[in-house]
Amino acid sequence: MNIEKLTLKEKASLLSGRGNWFFRGLPEHGLQEIIVADGPHGLRKKVEPGAQSEYKDSIPATCFPTACAIASSWDRALIGTVGDAIAKEASAGQVSIVLGPGANIKRSPLCGRNFEYFSEDPFLSGELAAAMIKSIQTHKIGCSLKHFAVNNQEKLRMTIDAVVDERTLHEIYLAGFENAVKQSKPWTVMCAYNRVNGKYASENHYLLTRKLRDEWGFDGIVISDWGACNNRVEGLKAGLEIEMPYSGKHNPESVVQAVESGQLPEAILDTAVERIYDVMSRTAPDPSVQIDMEEHHLIAREAAADSIVLLKNESGVLPLKPGDRIAVIGEFAVNPRYQGAGSSRINPTSIDNFLEQIRADFPGAPFAAGFSLDRNNKNEKHLAAEAATLADAADKIIILAGLPDDYESEGFDRADMKLPAEQDRLIQMLCDTGKPVIVCLSNGSPVEMPWNNDASAVVECYLGGQAGAGALADIVTGRVNPSGKLAESFPVKLEDNPSFKWFPGGPLRVEYREGIYVGYRYYDTAGVPVLYPFGHGLSYTGFEYSGIKLTRNGWEIEVSLNVKNTGSRRGKEVVQLYITPPEDDGKNKGSLHRPVKELKGFVKTEIAAGEEAAVSIKLGFRSFACYDPQQKLWVAEPGIYTIHAGASSADIRQSAEIRIESGKKNNTPLLSSEKAADESDYIKLRTNSEIIHVISDKSFEGELGRKPPVNLLPETYGRTTTLSDFQQTFTGKILMRIAMRAAREQSKGIENSAGMFEAMAKEMPLRAMPQFNPEMVNIEMVDALLLTGNGHFLQGLFALLRAVKKLKTDLKEEL
Ligand code: BGC
């Protein structure tokens, strides 16, 4: 394609998708359109090319374990194998770009989309995202690393402004993206819906250009999340190449006009077009690829089995022994919950169910549903009584519990961290029988476990994909030795979570007051007990660590140690490296406050019974560095650091010390402490764990380097007003009624999706209406409606008539 031969209009046309699932081509100039599809744990490709229907009718594809599950494998190679399989399915379906993986941080257990993300830790998230991207892209299928950045909640996701200090931004919310971009060079990055420090991610030059391209060397294209583009011209200037989906003629036209009026240098448009052409030319799906779907199902099963986390196993109740009289209880045993709701929902090629799977080993194992997934179940007593009868005759009770589909989803956050009360009551009742109870959980994010002390075993399956139930059977029977480790902490109760007081914020902003103290960084630093710590997971065998040794060559530091399998079964162990910064003994006064330890390396290794393996993990400058916002640099402070090798963040087995002389990029002591001096709440955290919930304005201001911005909605309605706020007006009320009807319509045929579509519609900014319905609404109509809502009713009405006429004409003209 010769860019010089393109008209302005042709160039601008490439900046928007075609429909929902295509990057537009210019066939007359030799550029063919390409297909994109979700992501991230399997393929969701529409049956008919160009079909607009959002969540229905995708071709059957293997549903691999969701990110929350596979993250617990801590296994880069395994994720690579899954990535290969996804890429092959994409290739066969002529899909050029897979929309995933997601590297957002699990700030709160309540985020409705946690099931699509890997971890609360940026190092782990980045490593796993990189593994997936590398494997998919070797097949000439691109990835879209998403949602860049600071998209950690579903509440008001299209408008919320994440107020986060620069240090936290770098160390927690960007670090995973940075790592994945540098290591695996994704061909596309998807920008998030939300604002970050006042600017929409889709027009955030700091994120899209300064960080992503200039500092991290990104050489692909940025695409918008679906409907995330706020102002097309501003977006383009900031580094947003493609707006998805197609939202009508307004945006491409605004780019043409901006160039013509001299507001936008044409060179910016040309660069974007060159990048788009370059990325589209890299992709080469091969429809002749042969796929064995049964083999992919087996890959999904192995991946799920290696991801299951054995949280608790008292008196060796697991694995089951042949001859054990088991009772299987729980609706999920016949009606599994194996994936999450929303854009990642896959139409699976087949679905395992636990009852069938376990009956292959325990023929005729009795089953009772025990509870209902219906929130208004009137039958609780009866179901519980059936379960009790079954339990009576059993030696071991296996209960499959978890979060029903409509409890966690894209589009809204969870209301609390609890299982449905009916399930908690049932589990407690079964535990009270005195028989060993094995609780197996299906959920996308942590739950409180009030019965934890009374259960004999707890198995965290997360959402394990279509073969998850077979994998669970492999684990409980001992065919597979569990090796999953938590990629997130399980707090005892929601209130213990450091973001509890600040999540999800609103109406305009959400403050990240807990700063860098996310997940175990907080629990460990403040000494808050957790139910299950980050990195925790049991095995049916045991591992002994010995002989930690450091070899150093400048900033290349190799940590080696021996791990011995001391039990009688083959098993896999995840060795985790944490780093503790130099002690604050007064001499370090003036240094930045830091968490007591942070994950900086890990490796998963398989060891035969009785054997010993040598493992080695590399560390570098960044393993020791923190981000100094004043100097805008990563700095490793001089001092003695401790390197810990552990089986979890709370189970450190070996430690060694290392002296770091000075930071690579800077030798001067850190300065930013002037304001973070001793009285800062962040320093008090070490002695007062509660302080996290009352971080003062002054302390937060110290981190932010400015006053926290006001959190009030503007007085007049604008394009970014949500439908739910606009509902205060007469026009808004009518619009809301129409939107609710449309949401109900959309949810038809998709189980338990009404809540999601309703939440999405309510929180949609008005400017997104044309983005999702370009055939029915244009931006001129939105502006007209806004006029009516802002007290200019007649003027608005006339504008509306003009807008309708324009839409009709526009629809006749092809872009
Ligand atoms: C989601 C993205 C997804 C896109 C396309 C959006 O609503 O946030 O993750 O890739 O839709 O389905």
Side-chain angles (χ1 to χ4, degrees), residues 16-23 35-46 50-59 61 66-68 86 90 95-104 111-118 129 132-133 136 142-160 177 186-194 200-202 221-229 242-247 339-347 408-413 444 743 746-747 750 753 756-761 763-765 768-769 771-773:
S16 293
R18 184 172 78 71
N20 260 314
W21 307 113
F22 295 88
F23 287 177
I35 306 178
V36 305
D38 281 301
H41 51 266
L43 204 65
R44 189 176 68 101
K45 189 202 163 194
K46 299 286 107 183
Q52 290 291 319
S53 111
E54 266 295 287
Y55 299 107
K56 292 174 250 192
D57 313 327
S58 54
I59 56 166
T66 58
C68 63
I86 293 176
V95 168
S96 294
I97 307 259
V98 174
L99 304 172
N104 296 97
C111 171
R113 244 180 142 174
N114 274 359
F115 72 89
E116 278 189 70
Y117 302 140
F118 292 117
M132 174 144 287
I133 296 166
I136 292 181
C143 283
S144 199
L145 177 63
K146 64 191 188 183
H147 307 92
F148 188 63
V150 208
N151 179 185
N152 310 100
Q153 64 189 59
E154 292 299 285
K155 180 80 194 155
L156 292 169
R157 67 174 175 170
M158 293 188 79
T159 50
I160 199 86
F177 285 99
W187 294 352
T188 83
V189 162
M190 187 190 293
C191 72
Y193 282 123
N194 49 285
Y200 268 108
S202 63
I221 54 173
V222 176
I223 68 173
S224 75
D225 197 344
W226 269 229
C229 179
I242 296 187
E243 173 203 20
M244 291 300 290
Y246 176 59
S247 66
Q339 65 172 333
S343 59
S344 67
R345 195 167 207 121
I346 283 153
N347 178 6
E408 54 185 348
S409 164
E410 177 173 346
F412 61 87
D413 298 318
Q746 256 185 310
S747 68
I750 314 171
S753 63
M756 174 182 80
F757 284 113
E758 281 180 19
M760 283 181 179
E763 295 184 350
M764 182 170 67
M769 292 195 304
Q771 290 171 303
F772 292 122
N773 311 283

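The basis for the numbers below is simple: all heavy atoms, side chains too, and nothing from hydrogens, waters or symmetry mates. One-based numbering, in listed order, for ligands and for the atoms of each.
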Contact check: Asp225 vs ligand 1, nitrogen or oxygen atoms, below 3.5 angstrom = yes
Are Ser144 and Leu99 close enough, and set up right, to give a side-chain contact (heavy atoms from CB on, under 4.5 Å), and what steps lead you there?
-> CA-CA 5 Å; Ser144 199; Leu99 304 172; 3.9 Å; yes
Would you say Trp21 touches ligand 1, if touching means a heavy atom closer than 4.0 Å?
-> yes
Proximal ligand 1 atoms for Ser343, defined as those under 4.0 Å from one of its heavy atoms | 1 (C), 2 (C), 3 (C), 9 (O), 11 (O), 12 (O)
Report, in ascending order of atom number, the atoms of ligand 1 lying under 4.0 Å from any heavy atom of Tyr193.
-> 6 (C), 7 (O), 8 (O)
Arg113-Ser343 side chain donor-acceptor pair, cut-off 3.5 Å | yes
Side chain to side chain contact (heavy atoms under 4.5 Å, CB included) filter on Thr159, not counting sequence neighbours, yields Leu156, Arg195, Tyr200, Thr722, Pro765
Give the intermediate values and the outcome of salt bridge (charged side-chain N to carboxylate O under 4.0 Å, His left out) for residues Glu410 and Arg157.
-> CA-CA 10 Å; Glu410 177 173 346; Arg157 67 174 175 170; 3.0 Å; yes
Considering only heavy atoms, does Met244 approach ligand 1 within less than 4.0 Å through its side chain, its backbone, both, or neither?
-> neither
Derivation and outcome, side-chain contact (heavy atoms from CB on, under 4.5 Å), residues Phe115 and Ser344 = CA-CA 10 Å; Phe115 72 89; Ser344 67; 3.5 Å; yes
Salt bridge present between Lys155 and Glu763 (N-O < 4.0 angstrom) = yes
May I ask you to check if ligand 1 and Glu410 share an N or O to N or O distance below 3.5 Å?
-> yes
Check Met158 against ligand 1 and report side chain, backbone, both or neither, counting heavy atoms closer than 4.0 Å.
-> neither
Non-hydrogen atom of Glu116 closer than 4.0 Å to ligand 1 = no
For ligand 1, which part of Arg157 has a heavy atom less than 4.0 Å away: the side chain, the backbone, both, or neither?
-> side chain
Shortest heavy-atom approach to atom 10 (O) of ligand 1 - which of Asn20, Asp38, Leu99 = Asp38
Numbered atoms and elements of ligand 1 in range of Arg113, under 4.0 angstrom, heavy atoms | 1 (C), 2 (C), 8 (O), 9 (O)
Below 4.0 angstrom from a heavy atom of Arg44, which ligand 1 atoms are there? Numbered from 1 as shown, please.
-> 12 (O)
Heteroatom proximity flag, His147 to ligand 1, N/O under 3.5 Å = yes
Nearest heavy-atom approach of Pro101 to Pro40 is CA-CB, 3.9 Å
Audit row: Trp226, Asp38, side-chain contact (heavy atoms from CB on, under 4.5 Å) steps and yes/no = CA-CA 11 Å; Trp226 269 229; Asp38 281 301; over 6 Å; no
Quick one: do Val36 and Met244 satisfy side-chain contact (heavy atoms from CB on, under 4.5 Å)? Show the steps, please.
-> CA-CA 10 Å; Val36 305; Met244 291 300 290; 4.3 Å; yes
Can you sort out which atoms of ligand 1 are near Lys146, meaning under 4.0 Å from one of its heavy atoms?
-> 2 (C), 3 (C), 9 (O), 10 (O)
